[in-house]
Structure formats: structure tokens, C-alpha cells
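For the numbers below, each heavy atom of this structure counts, side chains included, while hydrogens, waters and symmetry mates do not. Numbered from 1 within each chain, the chains take letters A, B, ... in sequence-line order.
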There are 2 protein chains.
Amino acid sequence: MSELTSLALPHVAQLHAYTPGLQPSASGWVKLNTNECPYPPSPCVVAALQREIGGNGASLRLYPNPTSAPLRATVARLHGLRPEQVCIGNGSDDILNLLVRAFCSADAALSYVMPSYSLYPVLVEIQDGRCAVIELDRTMRLPLDRIAASTARAFFLTSPNAPTGVAFSNAEIAAAANAFRGLFVVDEAYAPFARENAVPLLASNPRLVVVRTLSKAYALAGLRVGYALAHPEVIDVLDRVRDSYNVNRLSQVAAIAALEAEPYYAEVIARIVATRDQFQRELGARGWFTYPSQSNFVFTEPRNARGESGPAVAKALYDFLYAHQVLVRYFPSHALTAPFLRISVGTDAEMRVLNQTIDAWLKAPNA
Amino acid sequence: MSELTSLALPHVAQLHAYTPGLQPSASGWVKLNTNECPYPPSPCVVAALQREIGGNGASLRLYPNPTSAPLRATVARLHGLRPEQVCIGNGSDDILNLLVRAFCSADAALSYVMPSYSLYPVLVEIQDGRCAVIELDRTMRLPLDRIAASTARAFFLTSPNAPTGVAFSNAEIAAAANAFRGLFVVDEAYAPFARENAVPLLASNPRLVVVRTLSKAYALAGLRVGYALAHPEVIDVLDRVRDSYNVNRLSQVAAIAALEAEPYYAEVIARIVATRDQFQRELGARGWFTYPSQSNFVFTEPRNARGESGPAVAKALYDFLYAHQVLVRYFPSHALTAPFLRISVGTDAEMRVLNQTIDAWLKAPNA
């Protein structure tokens with residue numbers, strides 16, 4: 001390590017940065033790798049941005065509302081909560097970061113199941129904290145007994161889970177959260193695509209936190225808005241570690257417009273769910289094992305022309321798709337995920353290109 | 001403390017959040033309290049935003065460039081540096097936060113002079129770190145011997161300083177940075193209004209970091225963009241603790257357009273500097289002591305109609321201005337700042353309203 005790097009804190013000097021999914025700048029890709037919405041945001045979002053920018057962008061010279069107060073009010077109304085139960089983040093990653101910063105350390109572990117969102121251990125490493133990992137088995141069911149026995153300070157549960165798409169029921173989540181002794185965080189990035197969500201559980205458990213994002217169902221990944229729903233005392237803690245101007249003016253107005261455009265997004269979500277279910281049936285027809293998805297992506301175990309599956313087969317398909325400008329996600333670092341590919345649900349046209357490319361792979365000499 | 005709050009880390013449960021300057025949502029205020037630019041951003045910024053939003057906002061559904069790579073290239077070009085010497089933040093507060101997170105702890109103190117930007121101790125408290133404060137005297141000169149003797153891991157120097165407006169020369173900064181043994185950060189939020197800046201010093205000191213913002217001179221406080229200039233190894237450390245999508249798509253394109261609109265901003269800055277110098281002369285004519293400002297605000301010690309100055313006089317004028325919808329900033333918590341008011345440089349029309357309101361105060365029975 002150089003003298004300069006060694007000025008950093010020892011754990012920081014050792015860190016490896018989180019690797020986000022590829023964001024190709026060239027066009028021509030069928031991009032099914034980061035679970036973005038395949039449809040544009042509501043026209044109301046564009047109108048709200050135009051209003052805020054105005055003729056000469058004069059409002060941009062002013063700092064944004066530091067607490068995103070109007071957006072908090074909108075979120076609260078949407079979920080039937082009070083504004084003091086809402087904290088807005090620069091994406092839900094900001095919220096997750098604040099939670100780790102406020103609740104986790106070397107003495108106060110963060111627990112989560114594996115596999116789940118791969119950012120969690122990265123956030124704990126940045127904090128020089130301790131992880132208490134609960135390994136799932138291939139059923140991907142929630143091990144309630146092990147969560148109940150955990151002494152961790154906080155638990156992050158992704159539901160529907162990533163990268164599997166498997167949703168946990170409110171009955172399971174309520175049982176896990178009540179048995180767990182610390183802060184129980186349900187990361188609901190994909191909940192708009194699921195049959196149930198944990199928001200109704202907030203009323204009966206003050207240690208419960210629900211985290212949402214506008215990056216997936218609301219088609220606003222580019223604007224970075226997420227939020228936490230929790231007891232006002234937990235929100236107050238997050239606000240103490242939050243940057244005072246963490247959400248910019250344009251993101252605030254766009255998020256308000258999006259959250260108020262319920263009929264538009266209900267239709268977008270219905271369309272994505274229909275495409276997802278159709279794609280799952282097609283994968284079933286191919287004889288590929290696929291977890292039942294309640295999100296906007298599908299986690300499937302490819303079989304090659306010889307009927308083989310496994311990490312090498314998944315990698316081979318990933319590479320073939322990549323070579324044909326179809327981008328999906330491959331998670332080779334865990335035995336439970338390495339035989340699978342995670343494929344975001346795109347438009348029907350994009351899924352046709354994907355299916356045709358899979359067909360071509362199956363017919364290719366080396367598949 | 002409630003059972004719920006006590007789930008948070010002990011130092012977080014004790015924290016008090018940073019109090020930003022008031023951002024009134026009602027119109028009618030002469031807002032001279034948070035050093036925003038009184039003029040709108042360049043028309044090129046508005047055009048760049050319009051291009052990115054397009055007809056239907058379709059690009060907003062996609063994540064932003066995770067490293068803000070095109071913006072890094074623009075910043076590098078502007079300063080004659082390489083892109084690997086640049087890190088982009090969600091405002092320069094994000095950069096300061098990353099610096100504290102990467103370099104400061106209970107064992108690795110952050111040093112800074114007092115008075116300076118009041119966010120520094122807040123960031124250190126969030127980190128459960130240690131502050132090593134170097135108190136200035138009323139001359140506001142840099143105590144080189146005490147900086148040289150410091151054993152802190154990092155030093156944050158605001159230049160031009162806030163809230164005084166006093167700039168330190170490159171000769172002083174070079175001497176301080178060379179004598180100091182840790183990371184020497186020059187927070188140059190206000191450097192575009194100054195005669196000199198520390199960027200040329202980067203070539204000869206790898207432990208030097210220069211922090212900039214687009215919130216002041218570039219009239220983009222609402223969009224949250226700041227950056228660090230430093231040795232590639234220091235940038236690499238910041239990138240490891242940085243959120244992977246910290247700067248949204250619209251802020252990235254707006255910042256590029258702003259940084260490329262040099263003639264526009266040269267004129268804006270010249271106008272602000274002219275208004276500032278004129279206002280300083282007017283304060284001199286009133287007989288008010290004012291530090292020579294090289295920033296876009298002025299730090300002045302008001303005298304009432306009886307010729308008295310001091311904290312009570314400053315507070316009385318602050319309250320009078322507030323009652324007349326003129327918003328300035330008052331820093332009562334330090335003996336060196338309590339007799340002063342910090343007044344952002346607005347348009348000439350705004351400064352006329354301010355001057356007339358000061359005249360009215362001087363004629364008021366209780367002034």
C-alpha cells in the first residue's frame with residue numbers, strides 16, 4: 001500500500017468498491033441487467049420537470065427543500081402514514097447507507113440472508129461493521145428460527161428478494177420481525193410488482209422499517225429517489241445522519257408527480273407483470289427451473305442443448321447474450337446463484353429478441 | 001432516551017442534526033442567507049436539461065453513469081488535470097462527508113480552524129471521530145506554526161473562509177499543506193470569487209485535495225453537484241466509500257453544460273464581485289468593520305444608531321431585517337462571529353432593499 005493510501009482508515013484502504021451493473025453508453029443494447037423500467041415515466045413527471053426548470057432555470061440557483069418536506073407529505077398520503085414517518089433518500093441506497101451508519105458497527109452486527117442484495121455487505125465494510133449472514137438453501141424459504149435466535153442489531157430483508165424474485169409473505173415477515181430483537185428493515189424495491197407489501201405491518205411493530213425506491217416501478221432510476229417508512233423516532237435518527245440537502249430540486253418535483261400518477265403506473269406495472277408471467281411460462285416450456293418471481297426480473301437456471309445446467313452453462317449463455325448485445329446479470333460468487341441468470345423484464349419486443357437469442361444459443365455449435 | 005432510539009449507535013442517538021440556513025417556501029423574501037447565486041444558470045444548462053428530458057423523459061428510467069465519467073472528463077479539462085484526479089459528489093457536502101468517512105475516526109482526528117464551515121464538526125460527530133480545533137483570533141490569519149505541529153490525520157481549510165470571506169494566499173496554503181503531515185483539504189466553495197485558487201498547488205503536493213461546488217458561482221445549488229480534485233490514489237479511496245449512483249442524470253448533464261459556459265459565468269462572477277465591492281464600500285462608509293471579502297458574501301459588524309456593536313446589536317439587526325423579509329445569517333455560537341452578520345451578495349436591486357432596510361433600522365426608535 002502506498003504512503004498516500006495508508007493515510008486512509010485501515011479498513012477503507014482495504015475496501016473494494018461495489019460493482020454496479022453495466023451501464024453501456026452506446027445504443028443498440030437490449031438492456032435487461034439492472035431491473036430498470038422498460039417504459040418511460042408518466043407524462044406528469046415531464047410536465048413537473050418543465051414547470052420547475054421554467055424558462056430560464058432560475059429556481060435551480062436555490063437550494064432544495066432540505067427535508068424534501070412536500071415529497072414526504074406526498075409519500076405519507078400515498079401510504080396512509082404521517083409525514084414524520086417518512087425519510088427521503090438520494091435513491092434507496094442512500095437510505096440503506098444511513099441505516100447502516102446509524103445502527104451498525106463492529107459491536108452491532110447487520111444480519112441479512114444470502115443470497116440477497118449484494119450492496120449490504122459493502123455498506124457494512126465501509127462502516128467497519130460486522131455482518132451476520134444467514135445462508136438460505138435452494139428452497140429460498142425464510143429460516144424463522146435462525147432470525148429469532150439472531151443477536152444482530154439490524155436485519156435487512158429484501159422482499160421480493162434479489163436476485164431470486166421470491167417474495168416473502170406478510171405472515172412470514174411479521175413473524176420474523178416480531179421474533180427479531182433489533183431493527184427489522186424490509187427492502188421493498190420490488191414490492192410494486194408483488195401481491196403483498198409490508199407497509200400495513202408498520203402499525204403494529206415500531207422496530208419495522210420499509211424501504212422503497214422510485215428506480216424500478218416508477219421509471220426514475222436516473223433521478224435517484226428512495227424513501228424509508230418507519231416510526232418517527234427511527235426517522236429522526238436517519239435525519240440526524242442524513243446530508244442536509246441530499247435530494248435535489250428536480251428529483252423532488254419529479255417524485256411527487258410520479259407518486260401522484262397512480263393510474264399511469266398501475267397500467268405500467270400490470271404490463272410488466274403480464275410480460276414477466278408470459279416469460280416465466282416460456283422458460284417453463286424450455287424446462288428451465290425458474291423461481292416464481294413477484295418482481296420485475298426473473299431468476300432462471302439455463303439448460304444448454306445437451307440438457308446440462310450449472311455455473312459454466314449460465315456463464316456460456318451470459319457470454320453469448322453479451323456478444324449479441326443482450327445484457328443480463330450473472331452472479332458467479334455464490335453456489336446458489338452461479339447456475340442462474342437474472343433477467344430484467346423488458347418490453348415484449350425486447351423479450352422476443354432475448355428469446356430469439358436464446359434459441360440461437362441453443363442451436364449454436366458450442367452451446 | 002426511548003428503547004427505539006437506543007437501538008441506534010450510542011453516538012448517533014446523541015447527535016444533533018446540522019441546521020442549514022432557512023429556505024423559505026413563500027415568495028417575497030430578499031434571500032441573502034445561503035450564498036446562492038442571485039442570477040440564473042447559463043441558458044446552456046436549461047438547453048442541456050431539455051435535451052436529456054426529451055419529449056417523454058425516457059432516459060430517466062435508466063440509471064445514471066455511476067462514476068459521472070463524462071462530467072469527470074469535463075472537470076479535468078477545465079482544470080488541466082486527468083479524469084482520475086476527479087471525484088464527483090452529490091454537492092460538495094457529499095465530498096466532505098466521504099473525506100471524513102475515509103480518513104477520520106476516534107484515532108484519526110480532523111483538524112480545522114474556527115470559525116469556518118460549521119458542517120465539519122457535524123460530519124465528525126456522525127463518524128464518532130475526533131476534532132482538533134485551531135482557534136483563530138480576530139485577525140483571521142492562518143496560524144502556520146499550529147498547523148505544522150498538528151498530529152491530525154486530515155485538515156479542512158475553507159478558502160475563502162466562511163463565514164468571514166477572508167481568503168488565504170497560495171503561499172500560505174502551500175506552506176501549511178507542506179508542513180502538515182496528513183491530508184490537506186482546501187474547501188474552495190467560494191474560490192471563483194477570489195483572486196487565487198489552490199488548484200496549481202496540486203502538482204507539487206500529493207496530500208492536497210481541492211473541493212469545489214457548483215452551488216455558488218454556477219447557480220446550481222438546487223442540483224447538488226460538487227467535486228474533489230486530488231491525487232488518483234486519494235480519488236480511488238473516495239470512490240470506494242462513495243455511493244455507486246450518487247449523482248443523478250440531470251445534475252450530470254447540467255453540470256457539464258455549466259462548466260463549459262465559461263464566458264457566461266465570467267460575466268456573472270464579475271457582476272457579483274462588483275456588487276460585493278460596492279457593498280463593502282457602503283459598509284465602510286457606515287463605519288462598520290467588515291473583513292475584506294473574496295467570496296460572494298460579506299461578514300460585517302453592524303453598529304446601531306448609538307455607535308454600539310456586539311452580539312446584541314447583530315441580533316437586533318438580524319431580527320429587524322427578518323421582520324422586513326430580508327434574510328441574512330447570524331452565527332451566535334462563537335465569540336468571534338456573534339457580533340457579525342453574514343450577508344450574501346445579491347442583485348444590485350436586492351442590495352438596495354437591504355441598504356434601505358438597514359437605514360430604516362438605524363432610524364427606528366429601538367435600534
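Atoms CD and CZ, on A/Q127 and B/R101 in that order, are 5.0 Å from each other to the nearest 0.5 Å. Going from atom CG of A/L60 over to atom SG of B/C37 covers 11.5 Å, rounded to the nearest 0.5 Å. Expressed to the nearest 0.5 Å, how far CG of A/L4 lies from CZ of B/R207 amounts to 8.5 Å. For the atom pair CD of B/E233 and CG of A/L7, the computed distance is 10.0 Å after rounding to the nearest 0.5 Å.
Highest contact tally toward chain A, considering only B/P40, B/A102, B/G182, is held by B/A102 [criterion: heavy-atom pairs under 4.5 Å]. Heavy-atom pairs under 4.5 Å with chain B were tallied for A/P43, A/S251, A/A108, A/P206; the largest tally goes to A/P206. Of all the listed residues (B/N56, B/V237, B/T19), the one sharing the greatest number of non-hydrogen pairs under 4.5 Å with chain A is B/N56. Put simply, of A/Q50, A/R153, A/R224, the one with the most heavy-atom pairs under 4.5 Å next to chain B is A/R224. Ranked by heavy-atom pairs under 4.5 Å with chain A, the first of B/S42, B/G55, B/A219, B/S59 is B/A219. Most heavy-atom pairs under 4.5 Å with chain A: of the set B/T34, B/V234, B/V247, this distinction falls to B/T34. In terms of heavy-atom pairs under 4.5 angstrom with chain B, the leader among A/A154, A/A254, A/P38, A/A47 is A/P38.
With a threshold of 4.5 angstrom between heavy atoms, A/T67 does not approach chain B through any atom at all. Heavy-atom distances place the side chain of A/I53, and not its backbone, under 4.5 Å from chain B.
The two residues B/C104 and A/L9 come nearest to each other via the heavy atoms O-CD1, 3.3 Å. The two residues B/Y63 and A/Q23 come nearest to each other via the heavy atoms CB-NE2, 3.4 Å. Counting all heavy atoms, side chain and backbone alike, A/P64 lies closest to B/G222 at CD-CA, 3.9 Å. Across every non-hydrogen atom of A/G57 and B/V46, the tightest pair is N-CG2, 3.6 Å.
A side-chain contact (heavy atoms from CB on, under 4.5 Å) with A/N248 is found for one member of B/L250, B/L223, B/V225 and no other, namely B/L223.
Residues B/L62 and A/K31 form a side-chain contact, since some pair of their non-hydrogen atoms from C-beta on lies under 4.5 Å apart. You'll find the side chain of B/R61 stays beyond 4.5 Å of the side chain of A/Y39, heavy atoms only.
Residues of residues 239-246 of chain A placed with any heavy atom under 4.5 Å of a heavy atom in chain B are listed by number as A/D239, A/R240, A/V241, A/D243, A/S244, A/Y245, A/N246. For residues 88-96 of chain A, the interface with chain B (any heavy-atom pair closer than 4.5 Å) comprises A/N90, A/D93, sorted by residue number.
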